[in-house]
Amino acid sequence: MQFPVKTDAPGKQKTACAVVPVFKGGSQTPAFTAIDRVSRGLLKKLLKNGDASADCGRCLLVPSLPGSGPSRALLVGCGPRRDFTPKRYRQVLTAAAKALKTAGLRDAICYLTSSPPDALDDYYVARHAVETTLGVYYEFTELKSKAPSDRPLTKLGLACSDRSAAQELRRGISDGVAIATGTSLARDLGNRPPNVCTPTHLAAQARALAKQHAKLRVEVLDEAAIKRLKMGAFLSVTQGAVEPPRLIVLHYRGGDANEAPVALCGKGITFDTGGISLKPPAKMDEMKFDMCGAAGVIGTMAAVAALQLPINVLAVVPACENMPSGTATRPGDIVTTMSGQTVEILNTDAEGRLILCDAMTYALKSKPRYLIDVATLTGACVIAIGNVYTGLFSNDDALADGLLAAGHRALDPAWRLPTDEEYGDSLKSNFADFANAGGREGGASVAANYLSRFVDSTPWAHLDIAGVAWKANAEKGATGRVVPLLTDFLLNL
Ligand code: BES
Ligand code: MN
Ligand code: ZN
């Protein structure tokens, strides 16, 4: 999809469809006025007689627009001007893109970008337009036997009211395309079924990505290599599975050779049955999404490499299945983690923290500037904050604030939750250093407390994406969330 910046006067531009904002009360935008004029007052008439609405997200496609301007207009309700927040902007962009997609139009010019919310600078105006549109047009069809007969949008012009903004819009467009590419990759990995998206598949995808970018290098460790590293916790999770595990390591070198990297760890459970602590059957298929932390980290690496960021980033992805079998870990088994600490596995369904703790120990060997792990870690996080915010836990206020701000700007928001030591009280074990599972109360913070035991003084953050990594029901599918947040954070370092 092409995103040319359009600086000409609105009424004159030829396009299959002009996407025009409609605000409630007060005056309309210059684009509305100009297109209304070339279409001899049709837009005002539609608004007056109630066919078009200024309610936020309401769309009306006006076919065969009279006059010499655009062939059609898509009127998009934006609500009252003073309530037009960045979030609303994104909502109306989504509504507009869905309407264009349903209509099967091939090209359009978007005039939402020439009257954006005051709080958004031109760069984000364009970035959100690009990310939203590519997100709406994303489809996962590779496993449908008949190719869908879709008519893709090939060109979306982004209107720009003053020429001085064009440069910033262009920067937002190219960054937006890079972030959308990483997000789409994360969604593809998440959506692939667990018999396709195995640890070996994730490794192959990481290899393919590294081939595309000169600054990316990949290492893939097999079970024997994981044993040599003494990752007893990771190994205890994979031991019930026939499918072989992988430790995937991606190095992005965009900074000086001696510069400390930012380390990202992503939970890559390609299917979580719970193991011997077996999950109930309802919605168990959704546990194919239990590798969305891994997908988010790999997608972020794709975005970082496309953006050619001048920093070093290390990604460590432990990938395996959590299966019940005669060789599976029993509740009560005690394992020695790579850190040397011993863990009593009281619940084999608390497996994410087991694979992550060893991956984090491994990542810390590179003395990172920051360590950030991403995981669909706890159902408790979903109960606590639902599917709006990512749960953020950190031992470092500056890092936490940086990630919160990035999530806010990227409209991929996170909310900070506590990790105080009291949340570790229920992890006491009479037989090992501590247990992998404790009380149900505050379960997301208990899990974060478990992970914190593997971190030294390195600024660390844990992102629990259990509630946001995928959508259920009619829109079932991976969201790619946390790629925009993480990429925005890395872009602003
Ligand atoms: N992958 C799950 C967490 C999860 C559950 C994410 C539902 C999204 C939706 C994780 O491995 C898990 O099973 N966690 C347990 C931990 C408990 C046993 C301490 C949980 O949340 O129940
Ligand atoms: Mn589990
Ligand atoms: Zn899990």
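One-based numbering, in listed order, for ligands and for the atoms of each.
- Within ligand 1, counting atoms from 1 as listed, the ones closer than 4.0 Å to a heavy atom of Asn347 are 18 (C).
- For atom 1 (N) of ligand 1, the nearest protein heavy atom (residue, atom name, distance) is Asp290 OD1, 2.8 Å.
- Sparse packing is recorded around NZ of Lys230, with 12 or fewer heavy atoms of other residues, nucleotides or ligands lying under 6.0 Å away.
- Contact record, Gln239 with Ala328: NE2-C, 3.7 Å, taken as the closest heavy-atom pair.
- Counting heavy atoms closer than 4.0 Å to ligand 1, residue Arg440 contributes nothing at all.
- The backbone and the side chain of Asp349 each have at least one atom closer than 4.0 Å to an atom of ligand 1 (non-hydrogen atoms only).
- With contacts defined as side-chain heavy-atom distances shorter than 4.5 Å, the pair Leu371/Met360 qualifies.
- Under the salt bridge (Lys or Arg N to Asp or Glu O under 4.0 Å) rule, Asp412 has a single partner from Lys87, Arg127, Arg90, Arg481, which is Arg481.
- Summarising the local packing, CZ of Arg171 is surrounded by more than 12 heavy atoms from other residues, nucleotides or ligands at distances under 6.0 Å.
- Atoms of ligand 1 lying under 4.0 Å from any heavy atom of Trp470, numbered from 1 in the order shown and given with element: 8 (C), 9 (C).
- Distance check, rounded to the nearest 0.5 Å: CG of Leu120 to OG1 of Thr113 gives 11.5 Å.
- Between Lys267, Glu286, Met287, it is Met287 that holds the heavy atom closest to atom 9 (C) of ligand 1.
- Atom CG of residue Leu134 and atom OG1 of residue Thr183 lie 9.5 Å apart, to the nearest 0.5 angstrom.
- For Tyr450, the heavy-atom gap to ligand 1 stays at 4.0 angstrom or more.
- Because its NZ or CZ atom is not both nearer than 6.0 Å to the ring centre of Phe393 and within 45° of the ring axis, Arg416 does not count as a cation-pi partner of that residue.
- Of all N, O or S atoms in Glu351, the one lying closest to the Zn ion (ligand 3) is OE2.
- Backbone or side-chain N, O or S atoms of Lys267 reach the Zn ion (ligand 3) at under 2.8 Å.
- Checked against the 6.0 Å centroid criterion, the rings of Tyr450 and Tyr423 do not qualify as a close aromatic pair.
- Only the backbone of Leu377 comes within 4.0 Å of ligand 1, counting heavy atoms alone; no side-chain atom from C-beta on gets that close.
- Shortest contact from atom 22 (O) of ligand 1 to any protein heavy atom: Gly379 N, 4.6 Å.
- Classified by interplanar angle (parallel below 30°, tilted 30° to 60°, perpendicular above 60°), the ring pair Trp415/Tyr389 is perpendicular.
- Of all protein heavy atoms, the one closest to atom 2 (C) of ligand 1 is Asp272 OD2, 3.6 Å.
- Checked against the Mn ion (ligand 2), the N, O or S atom of Glu351 at the shortest distance is OE1.
- Set against the non-hydrogen atoms of Arg353, the atoms of ligand 1 under 4.0 Å away are 16 (C), 19 (C).
- Taking the Mn ion (ligand 2) as the corner point, the angle from Asp272 atom OD2 to Asp349 atom O is about 170° (rounded to 10 degrees).
- There is a protein heavy atom less than 4.0 angstrom from atom 14 (N) of ligand 1.
- For ligand 1, the atoms closer than 4.0 angstrom to any heavy atom of Ala466 are 6 (C), 8 (C).
- Taking any N or O of Lys279, backbone or side chain, at least one lies under 3.5 Å from an N or O belonging to ligand 1.
- In summary, the side chains of His213 and Gln308 do not present any donor paired with an acceptor at a separation below 3.5 Å, with no hydrogens or angles considered.
- The minimum distance between the Zn ion (ligand 3) and any N, O or S atom of Asp290 involves atom OD2.
- Close contacts of ligand 1 with Glu351, meaning ligand atoms under 4.0 Å from a residue heavy atom, involve 11 (O).
- Taking 2.8 Å as the threshold, Asp272 counts as a candidate ligand of the Zn ion (ligand 3), since one of its N, O or S atoms lies below it.
- Using a 4.0 Å cut-off between charged nitrogen and carboxylate oxygen, Lys101 and Glu139 count as a salt-bridge pair.
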